[in-house]
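Presented below is the structure to which this report refers.
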Amino acid sequence: MSRREELAAGLAVTRERIATACGAAGRSGDEVTLVVVTKFFPASDIVLLHELGVRDVGESRHQEAEAKHHELAGLGLRWHFIGGLQTNKAAAVAAYADVVHSVDRASLVAPLSKGAARSGRTVDVLLQVDLDEERRQGRSGARPDEVAGLAEEVLASRQLRLRGVMAVAPLGADPGVAFARLAEVAREVRALSPGATWISAGMSGDLEQAIAAGATHVRVGSAILGSRVYGG
Ligand SMILES: *Cc1c(COP(=O)(O)O)cnc(C)c1O
C-alpha cells in the first residue's frame, strides 16, 4: 500500500467513527471538526492529507510546528498547537498557530498577545483543563477551579479570542467521566463568554466518549498516521 493509500484508509475509518459517534449521540456530523495530529510525521504526509481533504492539523512541539508551517504556508491549512507551551516560546507560537489549545496559565497571555499583535493576527485560544483530580501525573492544564480566572485574563486581550476548553483524559481514568467533567467546565466558561463554544477532547482511543460528552474538536493522530517513532 502506498503512503497515500494508508492515510486515506486511516482517514476513512476515523471519519466513519466520528459519524457513527455523532449518530449515536443524536448530533450532526458537521458539529465535530477532525484535527489530524501530525507531530513526528514529515511534511510530505501533511501534503497528502491536504490532498485527501484535511484542513486542520495539530502539532505539539514548537520547532517542528514552525518548520512545517513555514514549508507548507501555501496550503491554507489551519494550524492547531496542542502541546505544552513554554512561556518563552509562546510569542513565537502565536506567530503561526491559528488555534492554541494548551493555554493553562495566566503567564502565557501576555506573550501570546504580543506574538499575535506583532504578526497582525488574532489567535483562537482554548483553556486546557487538568481533569486528573487525583494528581496521578505531572500537571498539565489548569485546575477546574482556576479556569474562570484564566478565562477572564484571556478575555482581556484584544489579540486573543477565547473559544473554549481542551483536555486529555487522564491515564487510568474513565474517559466518559473525565469528559463529562470537562463539559461542566465548558459550561462555566460559556457563561462568561457565550462565544466560547468549542470543546477539544478525544484522541485515537477515546473519540467516541468525547463526542458523546459534547466534543466539537477531536485530535486524532495514530489512528490515521500510524504509531509515532519517538526520539528521531
Ligand atoms: C499526540 C496528541 C494527540 C493525538 O493522540 P493519538 O492517540 O495519536 O490520536 C491528541 N492530543 C494531544 C494533546 C496530543 O499530544
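Counting convention: from 1, in listed order, for ligands and their atoms alike.
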Which hydrophobic side chains are connected to Met1, either touching it within the sub-4.5 Å cutoff or through other members that do? none

Share the residues that join Val177 in a hydrophobic cluster, the rule being Ile, Leu, Val, Met, Phe, Trp or Tyr side chains under 4.5 Å apart at the heavy-atom level.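 Taking Ile, Leu, Val, Met, Phe, Trp and Tyr as members, Val177 stands alone, with no cluster partners.
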
N or O contact, Ser60 vs ligand 1, cut-off under 3.5 Å: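 No; every N/O pair is 3.5 Å or more apart.
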
State whether the shortest distance between N or O atoms of Ile82 and N or O atoms of ligand 1 falls below 3.5 angstrom. no

What I want to find out is whether [X] reaches [Y] closely enough, with some N-O distance under 4.0 Å, to be called a salt bridge.
X      : Y      : answer
Asp130 : Arg143 : no
Glu184 : Arg181 : yes
Arg3   : Glu6   : yes

Nearest option to atom 10 (C) of ligand 1, as decided by whichever heavy atom of His101, Glu59, His80, Met203 sits closest: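 The nearest heavy atom belongs to Met203.
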
Answer with side chain, backbone, both or neither: which part of Arg228 has a heavy atom less than 4.0 angstrom from an atom of ligand 1?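 The side chain, only.
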
Give the atom numbers and elements of ligand 1 that come within less than 4.0 Å of a heavy atom of Val220.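 Taking each heavy atom of Val220 in turn, ligand 1 has 9 (O) under 4.0 Å.
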
